[in-house]
Amino acid sequence: MANKVYDHKAIEKKWQDIWESSRCFEAKNDATLPKYYALIEFPYPSGDGLHVGHPRSNTALDIISRKRRMEGYNVLFPIGYDAFGLPTENFAIKTKTHPAIITKRNIDRFRSQLKRLGFSFDWSREISTADPSYYKWTQWIFLKLFEHGLAYKKEMPINFCPSCKIGLANEEVVDGNCERCHNPVIRKTLNQWMLRITDYAQRLIDDLDTVDFIEKVRTQQINWIGRSEGAELNFKVDGTDEVIRVFTTRPDTLFGATYMVLAPEHPLIAKLADKITNMPEVQEYQRSAAKKSDLERSALSKEKTGVEIKGIKAINPATKQPIPIWISDYVLITYGTGAIMAVPAHDSRDYEFAKHFSLPIVQVVAGGNIDEEAYTDTEKGTMINSGFINGLEVKEAQARMIEWLVSEGIGERKVNFKLRDWVFSRQRYWGEPIPLVYCEKCGWQPIPESELPLELPEIDDFYPADDGTSPLSRATEWVNTTCPKCGGKAKRETDTMPNWAGSSAYFIRYCDPHNDKEFVSKEVADYWLPVDWYNGGMEHTTLHLLYSRFWHKFLYDIGIVSTPEPYKKRTSHGLVLGENGEKMSKSRGNVVNPDTIVDEIGADAFRLYEMFMGAFDQPIPWSTTGAKGCKRFLDRVWRLQDMLIDKHAENGIRDCLKVSIHSTIKKVSEDYERMKFNTAIAAMMSLVNDIYSVGSVTYDELKTLIILLYPVAPHICEEINENMGYTEPLHHTKWVEYDESALVENTVEMAVQVNGKVRGKINVASDAKQDEIEKIALASDEVKPFIEGKTIRKIIVVRNIVNIVV
RNA sequence: GCGAAUGUGGUGGAACGGCAGACACAACGGACUUAAAAUCCGUCGGGGCGACCCGUGGGGGUUCAAAUCCCCCCAUUCGCACCA
């Protein structure tokens, strides 16, 4: 007899030990086996330890991994740590402890927490991005990018706190103020390393058609890259040789361009300083704009601000009329050319600006009500007030205008992307050193590959230098080196790489994590890649996903990998919220620690609840009592052992459970694949309820149930399997198939509707013909009162509904 | 401001355009127990004694049939780089 309640602590420990010692979840680099590569986003080992959000993604792909093994695949389900990063560095500064020590401590904690949850990771391939044997290859990829001209230096602004003398991440800027000292943050310009991701913009859009990403992820990638077609053209600055170059998606509206706007950082302002009559005013505006963060400039300014640049005018190439030039921070230096032609009649932001500063508004497309708002429709409208394109429709006018611009040498067709190049420098200690050296004679030089990894130097003080440069600049011995090219005196780059670097190709390194000769062997990469299924959070669907696709494409171009896309399939999970429905956070005091839950109800029940709590892709509030309900279900499964019928007396699947079991196999098999874990579990609960109603269970019936349940709750299922006397563990057992013919019942219940309202039920043979069904429905006692004395106009028989229209 | 999503019982949620509320949680009633826990059985959207009627954020529409499709509105959440 089994105990009423199973001892989750003993059982889970037992099976975790067996899995670890038998190394049964280690993937084999054997190309003769069918492979499956399941990937979760590796965690950032924060000081707070694992939270209940992590297991949601992990359990989902653990279910898939375990099911795939039972289906005969050689499965790679790896784990590692994205270990470089800001929080660790800040903690290091605060506690005067080396970030490497903190990182090791955090990783150890994460590892033990993950192991307690019984995920079937291949622990032999564990990696950490902060490990020199790993970041050697991050640096190697950077050198390849540099070698291929995809890394370059550019003046870029950073958030800088003048009081703390430290560069800040956007995250550390709160309402324009420094998160620590609350003083205003300014924008300081530094010469930084950039990666040319924009070279890949078109391919990053096009190749989305070749992969299976959930729709919202795909949409977000496309919107982020932001392709737009239009024209780039020059406006002459009157009385000078200078031109203002602009990009527009609406070349058709050129006749309506009544003024121009430059971004505050536009270089032309300095160039024409001697012509500008109100320079102090302009400079004052530039200074105030520099104080604003990107976020402020974009979000907060309902009210448009700006200053007219007096003393210079631009010439509208279509009307030949002089138009004023303004400076305003609603124009961004980072997008397009950093200057726009303003067409207030047909762009809402220009309209708002023109109204605010009483600038002329000239309508050039008929339609809308220009007195009220800009008319922005690009689908319909006829050109007016537009010289040679008058009377044309918008689309036609665009084509015609571009033709004209080209023939006059004023401009040309142009595709523009919102996507910007990737700022790759950080003025921080806890990141990969950038493996370049600056020589006065030879310029920037890569260090030889043989010197990789370029390890972080040991320093005591991780605080950035007073001028905002990286703490590495204080490691004088490390910084001063010789030029790899000429052998003369040279200095190392002291900026480090961003957090994103280590996570941009980690899934490739998992294929061959111990290779110290190359990043990955071609053979092994060809076997494992692409990743078959990648699940992660929505918060990474723009940056990380795009960066890693970019790196992968680059590695494809230089022949390291053989697939243009890294991930065949990408899905996303919803956030686990606190019990109060708010985002879990320390400050809200609603954080749930998985350790206490596992202690109380065990890993199996915890995993089960994480999957049962709601739709996988939706954010769901945590409920500890709900989790306990899942433990109750597992206890119920456990007690089925008491109902077992002697194997020799009766076995097989009995008729009383045949339909129930086969439909559950079908439902569970399909729902796991569609990530509908909550309904898969509900189906198993129903099956258990059915077995309880029957009152007994055969070996084959129970075996089927525990095979279905095993991917979610592996420990208890292995234990029951062993108790039943099976010597082969479930992870070596074949997945169950359902029998289509067993799903069909002899009779089906159909609802009979009269004018769409259910009035009765009938039972008919499942192979009954339509006219037979109609006859039975019309004769039904429940239905009769509703059709008597009425004319039957139509009878519709669909699936399990009969609708009588009277 | 832009973009995306969501809105169903006390709660989490089910529902290829086809019987709204599966499966759970909570609550309540009962059995078992000296008692409690556990377990088992039952009730559980609202109204009506009842036949029935009303119900998926609100208002229209399409359809034999709408939580589901279309239009308008409201609310909430998330993301954001005013994207020219």
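Proteins come first, then strands; the chains are lettered A, B, ... in the order of their sequence lines, and each starts at number 1. Please read all numbers here as calculations on a predicted model, not as lab measurements. The analysis underlying the following values was restricted to heavy atoms, covering all of them including side chains, and did not include hydrogens, waters or symmetry mates.
Checking A:Q202 against A:R227 by side-chain atom types alone, a donor-acceptor pair falls below 3.5 Å. A:H8 and A:D604 are not linked by any side-chain donor-acceptor pair at a separation below 3.5 angstrom, with hydrogens and angles left out of the test. Of the N and O atoms on the side chains of A:Y285 and A:T305, at least one donor lies less than 3.5 Å from an acceptor on the other residue.
Pairing for B:rG3 goes to B:rC78, judged as Watson-Crick or G-U wobble with the two contacts each under 3.5 Å. Searching all strands for a Watson-Crick or G-U wobble partner of B:rU33 with both distances below 3.5 Å returns nothing. Remark: B:rU43 base-pairs with B:rA27. Criterion, Watson-Crick or G-U wobble with two distances under 3.5 Å.
No contact: A:A342 has no heavy atom under 4.0 Å from any strand. Using a 4.0 Å heavy-atom cutoff across all strands shown, A:R759 reaches sugar-phosphate atoms only and no base atom.
When the C1' atom is compared between B:rA67 and B:rG7, the two are found 11 Å apart, to the nearest whole Å. B:rA22 and B:rC73 are spaced 35 Å apart, taking the P atom of each and rounding to whole Å. Straight-line distance between the P atoms of B:rU8 and B:rU76: roughly 14 Å, to the nearest whole Å. Comparing the P positions of B:rG42 and B:rA35 gives an interatomic distance of 23 Å, to the nearest angstrom. Nucleotides B:rG58 and B:rC40 are separated by 38 Å at their P atoms, to the nearest Å. B:rA66 and B:rA81 are spaced 40 Å apart, taking the C1' atom of each and rounding to whole Å. On the P atoms, B:rG10 is 29 Å away from B:rA31, given to the nearest whole Å. If you take atom P in B:rG13 and the same atom in B:rA4, they sit 23 Å apart, rounded to whole Å.
Rounded to an integer number of Å, the gap from CG of A:L634 to P of B:rU39 is 12 Å. Between A:R420 atom CZ and B:rC83 atom P the separation is 12 Å, expressed in whole Å. In this structure, the CG atom of A:D617 is 13 Å from the C1' atom of B:rA4, given to the nearest Å. Rounded to an integer number of Å, the gap from A:L575 CG to B:rU6 P is 16 Å. One atom, CG of A:L419, and another, P of B:rC80, lie 16 Å apart when rounded to the nearest Å. Taking atom CD on A:Q221 and atom P on B:rG3, their separation rounds to 19 Å, with Å as the unit. Following rounding to the nearest Å, A:R349 (CZ) and B:rC80 (P) show an atom-to-atom distance of 19 Å. Atom pair A:N755:CG and B:rA66:P shows a separation of 11 Å (rounding to whole Å applied).
Ring geometry, A:F606 versus A:W622: the interplanar angle falls from 30° to 60°, so the pair is classed tilted.
Salt bridge annotation for A:R674-A:E670: absent, with no cationic side-chain nitrogen under 4.0 angstrom from a carboxylate oxygen. A salt bridge links A:K631 with A:D635: at least one charged nitrogen is closer than 4.0 Å to a carboxylate oxygen.
A close approach under 4.0 Å does not occur between any side-chain nitrogen or oxygen of A:K631 and OP1 or OP2 of B:rA38. Dashed line: the shortest gap from a side-chain N or O of A:R639 to OP1 or OP2 of B:rC40 is under 4.0 Å. Residue A:Y335 places at least one side-chain N or O closer than 4.0 Å to OP1 or OP2 of B:rA84. Close to B:rA81, at under 4.0 Å from its OP1 or OP2, lies no side-chain N or O of A:K418.
Summary of the strand contacts: A:A339 and A:F616 both lie near RNA chain B, and taking for each the nucleotide with the nearest heavy atom, the more 5' one is attributed to A:F616. Each of A:A615 and A:K757 lies near RNA chain B, and the nucleotide nearest A:A615 is the one positioned closer to the 5' end.
Under the 6.0 Å distance and 45° angle rule, A:R349 does not count as a cation-pi partner of A:Y330. The cationic group of A:R636 lies under 6.0 Å from the six-membered ring centre of A:Y692 and within 45° of the ring axis, placing it in a cation-pi geometry.
For A:N223, the listed nucleotide lying nearest its side chain is B:rG3; candidates were B:rC80, B:rG3, B:rA84.
Within the 4.5 Å cutoff, the side chain of A:N763 has no heavy atoms near those of the A:V748 side chain.
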Protein proximity profile, nucleotides 18-27 of chain B - base contact B, sugar-phosphate-only contact S, no contact -, cut-off 4.0 Å on heavy atoms: BB--BBSSS-

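With a glycosidic angle further than 90° from 0, B:rG42 counts as anti.
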